[in-house]
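For the numbers below, each heavy atom of this structure counts, side chains included, while hydrogens, waters and symmetry mates do not. Order of the sequence lines fixes the chain letters, A, B, ..., with proteins taken first and strands second; residue numbering starts at 1 for each chain.
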2 protein chains.
Amino acid sequence: MPHRQQRANGVVSRDAILDAAAKIAGERGYDGTSIKLVSDLSGLPASSIYWHFANKDDLLAAVIDRSFKAWSTALDQAEPAPADATNEERMVHGLRQECVRVMTHPDFLRLGLMLLLERRPVEAAARRRFHDSRMEIHNRVTVGYARMFPALTPPQVRQLVRLTFASVDGLFIAAISEPELDLTAEFEVLGLAIVSAARSLTARNLAAAPS
Amino acid sequence: MPHRQQRANGVVSRDAILDAAAKIAGERGYDGTSIKLVSDLSGLPASSIYWHFANKDDLLAAVIDRSFKAWSTALDQAEPAPADATNEERMVHGLRQECVRVMTHPDFLRLGLMLLLERRPVEAAARRRFHDSRMEIHNRVTVGYARMFPALTPPQVRQLVRLTFASVDGLFIAAISEPELDLTAEFEVLGLAIVSAARSLTARNLAAAPS
DNA sequence: GCGCTCCTGTAGTGACTGCTCCATGAGAGA
DNA sequence: TCTCTCATGGAGCAGTCACTACAGGAGCGC
């Protein structure tokens with residue numbers, strides 16, 4: 001089958017629709033995102049929206065996809081910590097970058113968390129998309145933590161990773177509800193807390209099973 | 001003005017409406033909570049809902065209020081840590097109780113976080129209600145932390161409190177999206193992390209300004 | 001210019017939205 | 001039993017919901 005040709009006009013419209021949908025969904029949640037609102041904000045008629053996307057659920061899933069990609073390429077462009085950095089420096093370095101990343105591309109987390117909280121009976125495709133994307137990052141971070149804290153057991157590593165993700169989520173929500181909040185300081189303390197906890201767990205492990 | 005008499009029937013219906021609204025709002029968010037759905041689930045007609053509550057916003061605010069009260073009386077009934085407990089034991093003790101409390105009365109946090117994430121243009125009364133209720137607890141915890149870690153500066157105490165709240169929020173969301181997750185272990189690690197962080201900050205303070 | 005597909009505009013569908021009106025039933029105090 | 005208020009039932013308001021049918025303009029390869 002030949003490559004389906006596409007007008008320049010088309011991708012611009014598609015992006016405009018996604019922009020509008022991201023903004024509105026971030027403000028009002030899944031049910032609050034009406035096609036009429038997206039149509040008004042993007043300046044395109046409903047028929048265009050339904051030409052680009054199968055239905056509302058598909059539209060929201062596409063918003064998740066795009067925002068995840070934006071966030072993900074930002075992650076790939078993160079500058080690595082210096083080779084001689086300590087674990088604590090590495091952690092703080094990584095979290096500081098994540099702080100900037102999350103506040104620069106807030107749509108991914110915002111929308112995703114909203115979909116997680118809304119447990120509608122019929123599972124939305126958008127929600128599953130978020131969950132899968134996130135698992136990918138979760139695994140990456142788990143590998144990093146395991147290398148960073150070799151004395152921890154795999155369950156302990158998983159717990160630390162979950163705690164880190166949960167804290168980032170919570171701090172993100174706090175930043176949204178109180179815009180004047182300075183997140184960088186909070187992320188600094190979070191880094192300290194994680195590294196300290198890892199240190200305590202390591203000490204506990206060594207005390208329990210001395211070599 | 002005489003006390004407005006009330007039939008037993010009335011408060012039962014009111015509670016049934018609140019139950020239904022809490023369930024649906026927890027599943028579908030603010031916009032997803034339609035009067036029709038609440039009416040069907042509670043078995044009462046729309047006119048009854050509007051007899052008990054001024055409008056949809058007022059209904060949701062009442063849901064927040066009631067769930068906050070349930071959570072709050074659970075907080076008042078929390079058993080205190082033993083007098084000779086260490087800071088770490090106190091922290092773990094408190095967080096363990098909070099873990100049970102939050103999972104026993106999940107409506108308050110679930111609904112509240114959803115309202116925080118949904119930043120609809122017109123501020124909903126329900127959202128403000130949640131914010132105010134939460135500030136109350138926030139202040140209580142701040143006083144407790146200040147007593148527990150006297151060497152920390154007030155901004156450091158506030159940061160730790162915010163981090164604690166954020167982590168609890170994040171872990172709660174994680175528990176919702178993955179029901180098989182064992183929260184108690186996560187809360188244990190969180191307690192360790194907070195205490196460890198406080199210890200590191202204290203050491204840092206003492207090093208910077210030795211007496 | 002031609003033809004072909006991509007994309008947009010108009011006008012609608014039936015179902016549902018928050019909310020109101022008002023008649024009627026049910027209970028409690030007299 | 002009589003009243004009087006509390007509470008419910010049902011019908012219906014204008015407006016919006018997700019979504020569709022279809023005609024026609026716009027840009028492409030030729």
Using atom names, set out every protein N or O paired with an N or O of nucleotides 17-22 of chain D below 3.5 Å, distance rounded to 0.1 Å.
residue: D/dC17; atom: OP1; partner: A/Ser34; partner atom: OG; Å: 2.9
residue: D/dA18; atom: OP1; partner: A/Thr33; partner atom: O; Å: 3.1
residue: D/dA18; atom: OP1; partner: A/Lys56; partner atom: NZ; Å: 3.1
residue: D/dA18; atom: OP2; partner: A/Ile35; partner atom: N; Å: 2.8
residue: D/dC19; atom: OP2; partner: A/Tyr50; partner atom: OH; Å: 2.9
residue: D/dC19; atom: OP2; partner: A/Lys56; partner atom: N; Å: 3.0

Worksheet item: How would you list, by chain and number, every residue that makes a side-chain hydrogen bond (donor to acceptor under 3.5 Å, both in side chains) with B/Thr164, sequence neighbours excluded?
Response: B/Tyr145
Item to complete: Sequence neighbours left out, what passes salt bridge (charged side-chain N to carboxylate O under 4.0 Å, His left out) with B/Arg158? Give chain and number order.
Response: none
Worksheet item: Quick one: is B/His52 getting a side-chain N or O under 4.0 Å of the D/dT8 phosphate, OP1 or OP2?
Response: yes
Item to complete: Name all residues meeting the side-chain contact (heavy atoms from CB on, under 4.5 Å) criterion together with A/Ala78; count only those two or more places apart in sequence or in a different chain, and write none if there are none.
Response: A/Gln97, A/Arg101
Practice prompt. Would you list the pairs meeting side chain to side chain donor-acceptor pair (under 3.5 Å) in which at least one residue belongs to residues 66-78 of chain B, sequence neighbours left out?
Written response: B/Asp19-B/Arg66
Worksheet item: For B/Ile17 and D/dA7, what is the distance between atoms CD1 and P respectively, to the nearest whole Å?
Response: 10 Å
Discussion item. Without decimals, in angstroms, what is the distance between B/Phe53 CZ and C/dG18 C1'?
Written reply: 16 Å
Worksheet entry | d(CG, B/Leu60; C1', C/dC19) in whole Å | 15 Å
Fill in: Close side-chain approach of B/Arg140 and B/Leu75, heavy atoms under 4.5 Å
yes
Discussion item. Counting runs of three or more consecutive pairs, Watson-Crick or G-U wobble, with each distance below 3.5 Å, where are the stems of DNA chain C?
Written reply: C:1-24 with D:7-30, C:26-29 with D:2-5
Worksheet entry | Residue list, salt bridge (charged side-chain N to carboxylate O under 4.0 Å, His left out) with B/Glu89, at least two apart or on another chain | none
Worksheet item: Whole Å only: how far is the CH2 atom of B/Trp51 from the C1' atom of C/dA26?
Response: 13 Å
Worksheet entry | salt bridge (charged side-chain N to carboxylate O under 4.0 Å, His left out) partners of B/Asp31, counting only residues at least two apart | B/Arg120
Practice prompt. Write out all pairs satisfying side chain to side chain donor-acceptor pair (under 3.5 Å) with one or both partners inside residues 167-186 of chain B, taking only residues at least two apart or from two chains.
Written response: A/Arg162-B/Glu186, A/Ser167-B/Ser167, B/Arg134-B/Asp169, B/Asp182-B/Thr184
